[in-house]
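Heads up: the structure comes next, in structure tokens.
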Amino acid sequence: MMQTQIDWLSTYTDDTPGVTRLLYSRSWCEARSALMDWMTALGMHVYEDAVGNVFGRVEGRSPEVILTGSHLDSVAHGGRFDGAAGVIASILSVARAAENGTPDYTLEVVVFCEEEGSRFPYACLGSHYVAGNVGPDVLEKTVDADGISMEKARKTAGITGHIEQNARTDIRRFMELHIEQGGILEHEGCAVGLVESIVGQRRMYIDVTGTANHAGTTPMDLRSDAMEASASMMSRMAAEARRRGAPLTATVGEMQVSPNTVNVIPGHVRFSLDFRHPEEEALASFQEWVEQTFSDTAAHYGASISFDVFMKEAPTPMDHVMTGELESFCQNEQLSCRRMHSGAGHDAQVLGRITATALLFVPSWEGISHSPEEYTEPEALEAGLTLMTNALISWAYT
Ligand code: HGY
Ligand code: MN
Ligand code: MN
Ligand code: MN
């Protein structure tokens, strides 16, 4: 069942290969309404909030909510499972748990509108909105590569609710199922990963401005080449990240060059930097090193530089009581499991700051993710679904 539904959801894409379902895009709108129809057909009370999160609710005797869900959006040319596995598992596990009659606590599915930050430089919009971190200003000032604001794209997608910046206070527990996006579980032959902490991460854009000039008539010692300066920064950054070693990761994923012409010295380069570590101090120290070294490098090449840190997510521990309970549910089901930390960011990282939160992983084939090659075995998906269903029954029917 999980595999069928995941394959179905993956048909909602704006491009191939893989899945491209970016916030407020056509495929995102269509997938979202298809999920709303499915949850309605399953007997849930379906509603949406002002940023486009969608909820499927099974009323309990208490209005306190046991929430479970993941994100609808994808990276460009991503896989079928990232986010989608958690969305489908949440819908199916809530539907299965609700077969036990009216729960003591309200069961609710959340389909978060956006987590990746692939279209707009703002990640986890959906969970940050639930956590009360998003006001109208965020939507107005955050623009995509075409200069379209989140607010304009939201309205174009027909989502017109009034943006209110307040955290939900009715969530008793939150649980997310996600693919591991790494190779540990597969390597160890483990069915389930129980996440104890989620890595902290920071994302920034670096703008390097030199002087566009003729590639042939400008001697090497008389040019201010934004590309040469940027390339030097990137290689020094990679060497420093390797010197500091695991668990630090640092990635340059995006780069724009202007005028991007074969016989013109680049006048401007913008590139991104995504770096992660389980400790806040290590992130701060690496950011300080980057800003100092990149500024010195820019000066050496006669270029100017600016930094735009557009994302800071602190390392977040998961709830140890819930994780312990999930571990015993695994033992009851003879599911092999291991505790681990997450190198990927997740909506659970944001919810973990407002309520007790657990994150469980299912294995990724060859550890591949953010790629059309992403794959998780049907048996592994069903094991994760069984675990979630048992957990919801135990937590909502006391
Ligand atoms: O980039 C991440 O950590 C996640 O896949 N959004
Ligand atoms: Mn994800
Ligand atoms: Mn992802
Ligand atoms: Mn994630």
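Whatever order the structure lists them in is the order used to number ligands and atoms, beginning at 1.
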Note to self: With heavy-atom distances below 4.0 Å as the criterion, list the atoms of ligand 1 near R203.
What the structure shows: 1 (O), 2 (C)
Item checked: Salt-bridge contact E228-R223 (side-chain N to carboxylate O under 4.0 Å) -> no
Next item on the list: Check whether any N, O or S atom of H178, backbone or side chain, sits closer than 2.8 Å to the Mn ion (ligand 2).
Entry: yes
Next item on the list: For the Mn ion (ligand 3), find the closest N/O/S atom on E116 and give its atom name.
Entry: OE2
Check: Is atom CZ of R242 surrounded by more than 12 heavy atoms (other residues, nucleotides or ligands) closer than 6.0 Å?
Finding: no
Next item on the list: Would you please determine whether H346 falls within less than 4.0 Å of ligand 1 on a heavy-atom basis?
Entry: no
Notebook entry, point to check: Counting only heavy atoms not in H320, do more than 12 sit closer than 6.0 Å to its NE2 atom?
Noted result: no
Notebook entry, point to check: Any N or O of G343 that comes nearer than 3.5 Å to an N or O of ligand 1?
Noted result: no
Check: Can an N, O or S atom be found in H71 less than 2.8 Å away from the Mn ion (ligand 3)?
Finding: no
Note to self: With carbon and hydrogen excluded and only N/O/S kept, which atom of D82 is nearest the Mn ion (ligand 2)?
What the structure shows: OD1
Notebook entry, point to check: Is a salt bridge present between E151 and K155, judged by a nitrogen-to-oxygen distance below 4.0 Å?
Noted result: yes
Check: Is E99 salt-bridged to R96, going by a charged N under 4.0 Å from an acidic O?
Finding: no
Next item on the list: With rounding to the nearest 0.5 Å, note down the distance linking CD1 in I88 to CG in L9.
Entry: 5.0 Å
Note to self: Distance to the ring centre below 6.0 angstrom and angle to the axis at most 45 degrees; does that hold for R202 and F307?
What the structure shows: no
Check: So is R276 polar-close to ligand 1, meaning N/O to N/O under 3.5 Å?
Finding: yes
Checklist line | Numbered atoms of ligand 1 (with element) below 4.0 Å of A344, judged on heavy atoms | finding: 3 (O)
Next item on the list: Would you mind listing which atoms of ligand 1 come within a distance below 4.0 Å of any non-hydrogen atom of Q201?
Entry: 3 (O)
